[in-house]
Number of protein chains: 2
Amino acid sequence: MRSKQPTIWDIAIKLNVSISTVSRALRNAPDINPDTKKAVLDLAHELDYQPNTIATSLRKNKTDIIGVLVPEFVHAYFPSVILGVQEVANAAGYKVMIGQSNESLEIEKHNLQAMLSSRVDGVIMAITRETNEYEHILAAQRKGLPVVFFNRIVDELPGSKVLVDDYRGAFRAVEHLIQTGCRRIAHLAGPENLTMSRNRLNGYIDALKAHQFPVDESIIMPCDFIEGRARACTQQLLDGPNRPDALFAVNDPTAIGALVCIQENGLSIPDDISLVGFSNAPHSAFVTPPMTAVVQPTNEIGRVAARLLLRQIEEGAAFVPETQTLDTTLVIRKSTHPVLKTV
Amino acid sequence: MRSKQPTIWDIAIKLNVSISTVSRALRNAPDINPDTKKAVLDLAHELDYQPNTIATSLRKNKTDIIGVLVPEFVHAYFPSVILGVQEVANAAGYKVMIGQSNESLEIEKHNLQAMLSSRVDGVIMAITRETNEYEHILAAQRKGLPVVFFNRIVDELPGSKVLVDDYRGAFRAVEHLIQTGCRRIAHLAGPENLTMSRNRLNGYIDALKAHQFPVDESIIMPCDFIEGRARACTQQLLDGPNRPDALFAVNDPTAIGALVCIQENGLSIPDDISLVGFSNAPHSAFVTPPMTAVVQPTNEIGRVAARLLLRQIEEGAAFVPETQTLDTTLVIRKSTHPVLKTV
DNA sequence: AACGTTTCCGGAAACGTTGCCGGAAAAGAA
DNA sequence: TTCTTTTCCGGCAACGTTTCCGGAAACGTT
């Protein structure tokens, strides 16, 4: 049985003042006698009083909670974005409520409903892989809910967005391969309908062109983000004529697939084949050999998203949505040659 | 500017009934005319009405939210127990609010305050590494807050606990090494003051004894969970006389440290040295070679913890705390010999 | 001494629900 | 018909805050 927590009433009665006075003392309002204020504060501390935030929320019509809605969080990417969100949200006096959709549109809808029902002040979200209709999100926005998107962006949706410069990241990764002496660079590409994969593909192509390398369509292999498919594609590349001496993988699972395949074929990384991935997470550091990879500023993504959301919450209707693009960094580890070996 | 969401008042006025009636219709109470109920439900749907859960919470003095407090969540372990929590909590109509202490006692206290302030119905928590005084937790419990602990257990605290059978896990890991032909098995141990490390150490020792192996103190190396120290210890083992042919590592970072050290010495896993870890997460699968490891049922830990908490919430003061011990499983991958090579 | 100001405080309504209580109308029983 | 029961509904207080409004007392000014 939950024992009752003390309320401002309890304090008021013990001190023989009104609840208004107690309330004023607690949230240091201007018109209160310093002595009574001190008395209230002391008693509150003694009773271990904690304000009932749900009463406050009801009264003020504001919860000071922001919702974060992610498709999953067992991989490091989303948790570490959330960390960034928490950092700026907490500093601004907001709490963070996390929802997890398990990559299911149904659950995403349900979670968004729940957030609306909990009257969160705003939501930061990355949509599910299977989210292909947006009415639930649009409806929430029509009700005035501020929403900022990240990671999985769709143009049909209004609102602020935080994304990563996929094109430049890919470009630099490929440039690095070229600079370390690779001459035939294959690409394990993502699904063609995603802007993200397209941007990375374009970065790959433009880097080749910028260095007067030919673009060979036969070594651009779409493998849908799936580790198994990446393995098969890599095998195909190894078996084919004119074997590539480098691979640029579109994301983590793909890179892992390539890595195991190469090693199973008894080839050495990076001596026979250099490998660079495009990573969501520091994960790639723990593989052997530690992988050179484009890494995303996950924490910063969360911080930026939170700042945008807080601005929107505070500025209200006057706020005009912004989309911010963050840069990636190429972390050079052991799956490519060191860069000093210049071309 | 947040536009107002519809309330039961709006529905009541449009339908020319009282708010009581609307309320009854919405939470299908018994005494209501099916027709009016349908009318209310229809209009609610049309207006896209969502009940204001914070008003409900205030009124019912129950939030249907359970808090989960973890020291970090960028590694897979905690997120995946949270998944388990969510699964049973959501199924029972509860929402989950997550707090993250960043391994800081200060933040842990603050988060617990916040949960109390939010009037969560209960908390599932794993304390911080630096949590060495428990007054904040005891105070919360004294106020009647149900708390269940997992992963980091301390005897001084009352409440339900969910833990993992470290002893048996270690025992079986070592037994597996013995059965695959290893004859000299070293142990990279954890800090001696933690019951967890002690249990794993005892499992190691007893497995050796059970198979009439000698226990050689000189190849039991405490390395404090730190990857760097594990590397140094492993090097020492490799350099020493009578090199071990197997290593049992107390946790993930330790195992990784051993792995890189062994490979840097040009030795083969498992042919020169077998390696088995004690893992928090499926992490160890992604290393090369994929590591044989004792793995914990992370999801199940969350589910069990949630079930215990929900029972305590519902049974109230009548509930007597329980501690449940879950079993681990040994996942055999490539860092040990296959088991068919029987002794 | 009379006035205006400032300082501090209490009363009360409101936020959106729930749930008790009582009562009117409809239905059933005599 | 008349009485009892059932069915359905409205009024109202309450949950713990915040905040507006008004007023008493203390202070300052002429």
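All of these numbers come straight from a predicted model, not from anything done at the bench. Each chain gets a letter, A, B and so on, in the order the sequences are listed, and its residues count up from 1. The figures that follow rest on heavy atoms only: side chains count, while hydrogens, waters and symmetry mates do not.
Atom NZ of B/Lys38 and atom CG of B/Leu43 lie 11.5 Å apart (nearest 0.5 Å).
Under 4.0 angstrom from either OP1 or OP2 of D/dG16 there lies no side-chain N or O belonging to A/Tyr49. A close approach under 4.0 Å does not occur between any side-chain nitrogen or oxygen of A/Arg119 and OP1 or OP2 of C/dC15. Distances shown here put a side-chain N or O of B/Thr36 below 4.0 Å from the OP1 or OP2 atom of D/dC9. Proximity of A/Ser18 to the phosphate of C/dG10: a side-chain N or O atom is located under 4.0 Å from OP1 or OP2. For B/Arg27, a side-chain nitrogen or oxygen approaches OP1 or OP2 of C/dG19 to under 4.0 Å.
Remark: C1' of D/dG23 and CG of A/Asp31 are 13 Å apart, rounded to the nearest angstrom. If you take NZ of B/Lys62 and P of D/dG16, they are 16 Å apart, rounded to a whole angstrom. As rounded to whole Å, 12 Å separates atom P of C/dT7 from atom CG of A/Asn33. In this structure, the CG atom of A/Leu116 is 16 Å from the C1' atom of C/dG16, given to the nearest Å. Across the protein-nucleic acid pair, A/Gln50 atom CD and D/dG16 atom C1' stand 14 Å apart, rounded to whole Å.
In this structure, the nucleotide among C/dC9, C/dG16, D/dC8 sitting nearest to the side chain of A/Leu58 is C/dG16. Residue B/Thr21 has its side chain nearest to D/dC9 when only D/dC8, C/dT17, D/dC9 are considered.
Nucleic acid contact class of B/Ser23 (heavy atoms, under 4.0 Å, all strands): base. Contact annotation for B/Ile32: backbone-only contact, meaning every heavy-atom pair under 4.0 Å involves sugar-phosphate atoms and none involves a base. If you check every strand for non-hydrogen atoms under 4.0 Å, B/Asn61 touches nothing.
Between B/Lys14 and B/Asp10, none of the side-chain N atoms (NZ, or NE/NH1/NH2) sits under 4.0 Å from a carboxylate O, so this pair counts as no salt bridge. Remark: B/Glu133 engages B/Lys109 in a salt bridge, criterion side-chain N to carboxylate O under 4.0 Å. Remark: A/Arg311 engages A/Glu322 in a salt bridge, criterion side-chain N to carboxylate O under 4.0 Å.
Between the side chain of A/Ser20 and the base of C/dG11 there is at least one donor-acceptor pair of N/O atoms closer than 3.5 Å.
For C/dA25, the paired nucleotide is D/dT6, the pair qualifying as Watson-Crick or G-U wobble because both relevant distances are below 3.5 Å. The partner of D/dT30 is C/dA1, judged by Watson-Crick or G-U wobble contacts that both fall below 3.5 Å.
Here the side chain of B/Glu72 pairs a donor or acceptor atom with the backbone of B/Val74 at under 3.5 angstrom.
With DNA chain C read from its 5' end, the first of the two nearest nucleotides for B/Thr7 and B/Arg24 is the one closest to B/Thr7. Where B/Pro34 and A/Ala55 each meet DNA chain D at their nearest nucleotide, the meeting point lying more 5' is that of B/Pro34.
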